[in-house]
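Presented below is the structure to which this report refers.
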Amino acid sequence: MSDPRPAPLLTLRGIGKSFLGVRVLDGVDLDVAPGEVHAVVGENGAGKSTLMKIVSGGYSPDEGTVEFAGATRSFRGPRDAQRAGVGIIHQEFNLLPERTVAENVYLGHEPVRRGLVDRRGMLERTRQLLASIGETTLPADARVGQLGVAQQQVVEIAKALALDAQLLIMDEPTAALADHEVELLYGLVRRLQERGIGLLYVSHRLAEVFDLSGRITVLKDGRRVTTVATADTTGDELVRHMVGRELSSYYPDRAAPEDRGPVRLNLRDAGNRKLRDVNLQLRAGEVLGIGGLQGSGRSALARAIFGVSPFTTGDVTLDDRPVRLRSPRTAMRAGIAYVTEDRKGEGIVPRQSVLDNALLASRAVFAARSGRAARTLRVRELLAAVEVRGAGDDQEIRFLSGGNQQKVVLARWLALNPRILLFDEPTRGIDVGAKSAIHDLVRRLARDGAAVLMISSDLPELLGMSDRIVVMRDGHVAGELPAGATEEEVVALAVGTAREAVA
Amino acid sequence: MQTVQPRSLPLRLPRVRPGGVLPILAILAVLVVLVGIRQPDFLAPPSLMSFLGRSAPIILLAAGQYFVIVSGEFDLSVGSLVTAQVVVAARLIDSDPARTWPVVLLLLAFGALVGLVNGLVTTRLRVPSFITTLGMFLILVGAVYLWSDGAPKGGLSEEFRRFGRRAFEDVPLLGRVPYALVVLVVLAVAAVLLMRSDFGRTLVAVGDNPRTAELSGVRVWRTRTFAFILSGLAAAVAAILLGGYSGVSFQAGNGLEFGAITAVVLGGVALGGGRGAVVGAMLGALTLELLFALMNFYGVSGALRSTVQGAIILLAVAVSATRSSSR
């Protein structure tokens, strides 16, 4: 330990954490020195958030020790951690919009004079605090609800500083910011550094990480892969550390080029609040994979196509005819089906029977078209065909396993004979057997001429299933990759180290 | 591949499906036995038929309330709607037999309109139905007072009153069968069939998880609005029967909304929607009426009615809440 750096502010040793028997963190070491920006990067599910919650008192570790400011700590909760000097700035702010900046900054520990809240003192102290981090334009008596996102972030930081935070955790601080606001944040981070505050900086965006941090720790599958000095590494190297796992599972054969049919769905410069200038073609007979990080606009894309939050700009054509997909009903009538990512929240009606769940969409949209008996018979056949196991058709669906629930949801959509299928994380939280059954089914649908769009965070699945992969970032298409692309290429596009290019 | 199996106890109780009608049938059976012990005559056809006829309005209101509750909403306006209907009928008919049928049709339209407004305000203007229908309750009370200058005017025709009063005489085995009971049976069968239809299954699905329903192409707002309309229609029929039976007053519909909600909850229907059978709701209303009859036989003060109702609501909701969370 002949380290020239000052004694670390925070030292984590061998941190391990499991939820319900699943190991989320395993033997993670990490330290932060005063005045240092230490970045933590990794894929979705690598364990970043859990680690940050352990540092900020949200969780207690199953194994390992947390040393902070020279003493071993076990925080009893977030407030305990705050009092000790650990602040966290979440992606979602914790501010009261109807209160002033000063009231938010001193919420819960207002300066008191003669038993009453000392408003003037509070305003004055807030001004000083803001000035100390170079914020002279932000009025301490402004209502927080009237401020922009960047200014609200400053309020959050001031809030942490008012509690004498020595260590600040920033979780995706730029996610909500516009480009020009990012520069302001950079300035802020540097001033915090000058004050000797240690920063743990979690981000998906490698550009920022390189601009700001002194060291970078890469997490993968709950383990620390490496910690490197930022100056000694490159974006490509980081991406290699973040992925790099073998393709071990079996996936059904891809479509042969001659099996790909005409363009079914064509998006030209399509956009809405979460998407901009999306250009995308979906062909009959293919599985188009959509990659990207959480919040990159993958789900927003599926939801826009399905009319849940429709496109507001650009053109959409279906089989070369212009269409406006205003609602799920119009999308369904146009032959589109959407299997949502949030199965529990919006995929099933939990206390209804398997049969009622499978019939839900046909009853709602095509009730008049076919006879009741014929429809029920067909859905029963579909339920048998997708092999829903361990349950009668009359059992409430909530008692089924996730995989079987998903099969019922699939049967619901297949009953409509859709020509375009949108799958959002179709195998999330599903056991291995059901997973490969769903993979086979997805491929079979494409082979039968359906156009399939499949969103997946599971890189092996995305690479194994897709005939083409479109990667989203910040609400637009970052690039397209052919079948046979590598995990590194997908991640590079997703985090923005690769030049945006259409392969 | 495994499903969560209900744990099999060494001594298996008959499996009671949540939302099923078994519990309410059991309670009803116990009450019938108790009544039979205390007042055997009550179960003989003449008084039984008349009891069922008298109970028809509240049972219909419970069915109407069921549609709204199972879709995830509330309808507090039915009590004052019944009052309004009775008062309006008396003034419009003004004892003229020729106006009976037009007014009956008008009352049905009026009930449907109130339901439509309740439904649209709740679903389109996004006012919670508890507030919407409470507002409607107050609006109707005030409007009826204003319209009739504080005292009911006019009178119902004998033709109008016969729905709630008269009966088929000399029916084999049963003797005297009130018209109200026949109306009840016909509408109860219709309600059961409706709940088995696509609309009925969709209605329950909407109450269970409106997000899923919406994403499966259900127009949630239309479905729920239709439930409110059914509740308004049920109130109209109840008003016609009640007006005939007990006459015109500003108290005609007092407290019926709570009676109906209590009945629905007692019948195993989940508040918040998504579970329960319309038969359960109607049996709940019957059970409640029988309980009041029993209290009467035992000389318990009628003033305790609302206390008993309140206790039942709390108990029934508590039982269903703890049962569903223990899974």
Side-chain angles (χ1 to χ4, degrees), chain A residues 303 306-308 327-333 337-340 342-368 372 375 387-392 394-401 403-405 409 412-413 416 431-434 437, chain B residues 1-8 15-20 69-72 124 193-224 226 268-277 280 320-321 323-327:
Chain A
R303 295 174 88 83
F306 195 61
V308 185
S327 67
R329 277 179 85 84
T330 45
M332 285 164 72
R333 287 188 191 282
Y338 169 53
V339 177
T340 163
D342 179 8
R343 186 168 51 247
K344 235 179 161 168
E346 51 183 41
I348 60 171
V349 274
R351 295 182 295 186
Q352 310 309 311
S353 70
V354 166
L355 189 65
D356 280 336
N357 267 278
L359 279 165
L360 187 59
S362 332
R363 279 174 171 155
V365 178
F366 300 109
R372 253 169 86 88
R375 195 184 337 133
E387 295 178 325
V388 176
R389 281 184 206 164
D394 296 325
Q395 182 152 20
E396 287 180 31
I397 195 169
R398 65 199 170 112
F399 295 122
L400 270 58
S401 67
N404 281 315
Q405 288 181 356
V409 172
R412 174 196 303 162
W413 291 111
L416 305 181
D431 56 291
V432 182
Chain B
M1 291 296 96
Q2 78 285 11
T3 57
V4 180
Q5 289 293 339
R7 241 179 307 158
S8 59
R15 201 168 120 58
V16 180
R17 208 160 50 84
I69 286 184
V70 88
S71 81
R124 303 310 277 187
L193 291 179
L194 184 67
M195 287 316 294
R196 288 180 171 202
S197 73
D198 285 345
F199 169 79
R201 306 317 308 150
T202 305
L203 187 70
V204 187
V206 162
D208 196 0
N209 187 344
R211 287 295 302 149
T212 301
E214 191 82 50
L215 288 184
S216 298
V218 176
R219 277 167 295 196
V220 170
W221 70 273
R222 271 175 59 148
T223 311
R224 282 185 166 151
F226 199 59
V269 180
L271 289 183
R275 160 172 297 157
S320 80
R323 269 175 52 115
S324 56
S325 66
S326 69
R327 290 190 170 275

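Numbers restart at 1 for each chain; the letters A, B, ... are given by sequence-line order, proteins then strands.
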**OP:** Pick whichever of A:Glu346, A:Arg303, A:Met332 has the most heavy-atom pairs under 4.5 Å with chain B.
**Re:** A:Glu346

Original post:
Salt bridge check: are B:Asp208 and A:Arg398 linked by an N-O gap of less than 4.0 Å?
Top reply: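 Not counted as a salt bridge, because no side-chain N and carboxylate O are separated by less than 4.0 Å.
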
Heavy-atom pair of closest approach, residues [X] and [Y]:
X        : Y        : answer
A:Gly345 : B:Asn209 : O-ND2, 3.0 Å
B:Ser216 : A:Ala364 : O-CB, 3.8 Å
B:Ala213 : A:Leu360 : CA-CD2, 4.2 Å
B:Ala270 : A:Arg351 : CB-NH1, 4.1 Å
B:Leu215 : A:Tyr338 : CD1-CE2, 4.4 Å

**OP:** Quick one: list whatever passes salt bridge (Lys or Arg N to Asp or Glu O under 4.0 Å) with A:Arg412, sequence neighbours left out.
**Re:** none

**OP:** Could you walk me through whether B:Thr212 and A:Gln352 pass the side-chain contact (heavy atoms from CB on, under 4.5 Å) test, one step at a time?
**Re:** CA-CA 12 Å; B:Thr212 301; A:Gln352 310 309 311; over 6 Å; no

Original post:
Is the closest side-chain heavy-atom distance between B:Arg211 and A:Val308 below 4.5 Å?
Top reply: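 B:Arg211 reaches A:Val308 side chain to side chain.
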
Original post:
Pairs in or reaching into residues 203-222 of chain B: which pass ring pair (Phe, Tyr, Trp, His ring centres under 6.0 Å), with residues at least two apart or in two chains?
Top reply: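 For residues 203-222 of chain B, and leaving out neighbouring residues, there are no ring pair (Phe, Tyr, Trp, His ring centres under 6.0 Å) pairs at all.
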
